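Beneath this line is the structure, given in structure tokens, with notes to follow.
Counting starts at 1 for both ligands and their atoms, in listed order. Every heavy atom of this structure was used, including side-chain atoms; hydrogens, water molecules and symmetry mates were not. Computed from a prediction, not measured in an experiment: that's the story for all the values here. In what follows, residues are counted from 1 in the order of the sequence shown.
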Amino acid sequence: QSQELSQARIDYHVALQALQEHGTRMVCTGKMHTDRICRFDYLCYCSEAEEFVFFHSNSSVMLPNLGSRRFQPALLDLSSVEDHNTQYFNFLELPAATLKFMPKPVFVPDVTLILNRFNPDNLMHVFHDDLLPAYYTMKQYSDLDDEARLVFMEGWGEGPHFDLYRLLSGKQPLLKEQLRNFGKLMCFTKSYVGLSKMTTWYQYGFVQPQGPKANMLVSGNEIRQFAKALMEKMNITRVEEIEKDGGSAEDEKEKKDEYIVVFSRSTTRLILNEAELIMALAQEFQMRVVTVSLEDQSFPSIVQMISSATMLVSMHGAQLITSLFLPRGAVVVELFPFAVNPEQYTPYKTLASLPGMDLHYISWRNTKEENTITHPDRPWEQGGIAHLEKEEQERILSSKDVPRHLCCRNPEWLFRIYQDTLVDIPSFLEVLKEDMKTKPSFKKTKPASTVHPGRVREPQCQTSVQTTNEAKLTVSWQIPWNLKYLKVREVKYEVWIQEQGENTYMPYILPQQNYTFSENIKPFTTYLVWVRCIFNKNLLGPFADVLMCRT
Ligand code: UDP
């Protein structure tokens, strides 16, 4: 660090002069604090006050210039969790002239990304809230490259997964507590503040019960690209990718190499009969079964294992985020303790079900109360309920289903989610066998095409009147421009016909490029006709400009 600072001192006077003359400059994207990322020149941080400082001068820029709306509630979210009141970012303002009376600033020469990690102790949060958003924020701004500096302002220590954060850039990330080592006033030459929320798929239940985000903007492709980049940084290569070029139809050999990973937890939410479960899996699928746990293996070695696995089996919990490293076509089996409804806790189901993620998700739930071990005497954060009133304890103990609840301290939820479970093997295998029937294919799945059709070209209509109550409407069009370059399994066209003034329409799916409609077509009537192309049943193209067809 001191080395880099001395490097910065080479241009110290230039930098200081620039700051004094031009002050801070800010330009942001986003209309709302929840979708905003700001880029700054000479954003400063005062470690004494623990505040960022914007220095005003004649050439300062502050866009958006919100006035005091900047505090309603904040300029932006510093973590990827939407509108969380402990994660807001703002700055104090001072005239640049006051620099004369302040401690000499230390300049940070690196392009810096300033953010809050949301919960760096929890692996799911590490990936979903921090690593993926930071990775794609850095993709969005090309000067946030491998030389970029990350600064984590949430105020926590490194945490157990700091090595993962180190993979994002070639430079060591800085923690808030380390900033004071740089002196009382430090100024970031160029910085970005905030994180992209485009990749997040889950909301944790702060304002409504937890569930998938309403408007997901990420597909399996982006998750897989991220996983691939991270694996490269960890020096992991998928075994299947090396072997793939070898034999082609050696089904027998391939089967031998397939294996199931059981991800076990060693301290809480245990599978009490793990050995029995492993035996059952091995026997049922005639595959090797390996166990991994965060306590026993390094993270890269776990990823190495998972990246070529056929199936991943685990209790509900943060370790299941590692399913993003599974190969396409793999199966994720999530186990839930007694009284916990799998439909209400779906971060991993949602991940597995993202379009193009190509994972098959199965949940199993313990329905036998005699197979659960509760821990009423543990501290409340591990699900203990001893601190509650007797009546409330009784109610929780007799309940067979945790009712919907908000995050994060619902005692009934914590009590149930921290139970240990004896997995009932027959019911477990039954669920697995039943569900595997609907699995598309057990073989390695190839990524499906996501190329959408263009608009159909030259749409036309011709009409004719047959009798006083019969008419014909012929619609024709040319194939979309991109189709001539593509091999598409199935090309269909959708035609919507609406009588002018009516608010319903008739939809038709057609294999050919023209069609004459005579049913329900009336003479001397104007019809509005929309045509679009569909590839492989679900890739919809845009509608061509509406046709006005008068019979
Ligand atoms: N954890 C673990 N082994 C355990 C219990 C927890 O490795 O026996 C990890 C877990 O993967 C997560 C963190 O510790 O990264 C916090 O676990 P917690 O049970 O609080 O959260 P959850 O897994 O329910 O998200």
Identify the closest protein heavy atom to atom 6 (C) of ligand 1: which residue and atom is it, and at what distance? Arg265 NH2, 3.4 Å

Could you tell me whether some N/O pair between Ser266 and ligand 1 is separated by less than 3.5 angstrom? yes

Glu389, CD atom: more than 12 neighbouring heavy atoms under 6.0 Å: no

From CA spacing to verdict: ring-ring contact (aromatic ring centres under 6.0 Å, His included), His84, Phe206: CA-CA 8 Å; His84 196 292; Phe206 296 110; 4.7 Å; yes

Applying side-chain contact (heavy atoms from CB on, under 4.5 Å) to Tyr45 and Phe188, what does each step give before you reach the verdict? CA-CA 8 Å; Tyr45 179 75; Phe188 299 93; 4.1 Å; yes

Would Val262 and Val289 count as a side-chain contact (heavy atoms from CB on, under 4.5 Å) if you check the C-alpha gap in whole Å, the side-chain angles of each, and the deciding distance to 0.1 Å? CA-CA 7 Å; Val262 173; Val289 182; 3.7 Å; yes

In terms of atom number and element, which parts of ligand 1 are under 4.0 angstrom from non-hydrogen atoms of Asn122? 15 (O), 16 (C), 21 (O), 22 (P), 25 (O)

Is any side-chain N of the basic residue among Asp110 and Lys171 closer than 4.0 Å to the acidic one's carboxylate O? yes

Give the atom numbers and elements of ligand 1 that come within less than 4.0 Å of a heavy atom of Arg269. 19 (O), 22 (P), 23 (O), 24 (O)

Could you tell me which non-hydrogen atom of Ala134 sits nearest to which non-hydrogen atom of Leu115, and how far apart they are? CB-CD2, 4.5 Å

Distance to 0.1 Å, residue and atom name: give those for the protein heavy atom nearest to atom 12 (C) of ligand 1. Ala318 CB, 3.5 Å

Residue Thr267 vicinity, atoms of ligand 1 by number, heavy atom under 4.0 Å: 4 (C), 5 (C), 8 (O)

Does even one non-hydrogen atom of His125 get within less than 4.0 Å of ligand 1? no

Please could you name the atoms of ligand 1 that Thr268 approaches to less than 4.0 Å, counting only its heavy atoms? 5 (C), 8 (O)

With sequence neighbours left out, what residues match Cys46 under disulfide bond (SG atoms under 2.5 Å apart)? none

In ligand 1, the atoms that come under 4.0 Å of a heavy atom of Glu295 are 2 (C), 3 (N), 4 (C), 7 (O), 8 (O)

I'd like to check the ring-ring contact (aromatic ring centres under 6.0 Å, His included) partners of Tyr141; sequence neighbours left out, ordered by chain and number. Tyr192

Ring centres under 6.0 Å, that's the criterion: do His125 and Tyr204 meet it? yes

For ligand 1, which atoms have a heavy atom of Leu123 less than 4.0 angstrom away? 15 (O)

For ligand 1, which atoms, with element, lie under 4.0 Å from some heavy atom of Leu294? 7 (O), 11 (O)

Would you say the ring centroid of Tyr345 lies under 6.0 angstrom from that of His405? yes

Within a distance of under 4.0 Å, is there any protein heavy atom near atom 15 (O) of ligand 1? yes

Is Asp121 close enough to touch ligand 1? Criterion: a residue heavy atom under 4.0 Å from a ligand atom. yes

What are the atoms of ligand 1, with element, lying closer than 4.0 Å to any heavy atom of Tyr418? 18 (P), 19 (O), 20 (O)

Is there a heavy atom in Gln319 that sits closer than 4.0 Å to ligand 1? yes

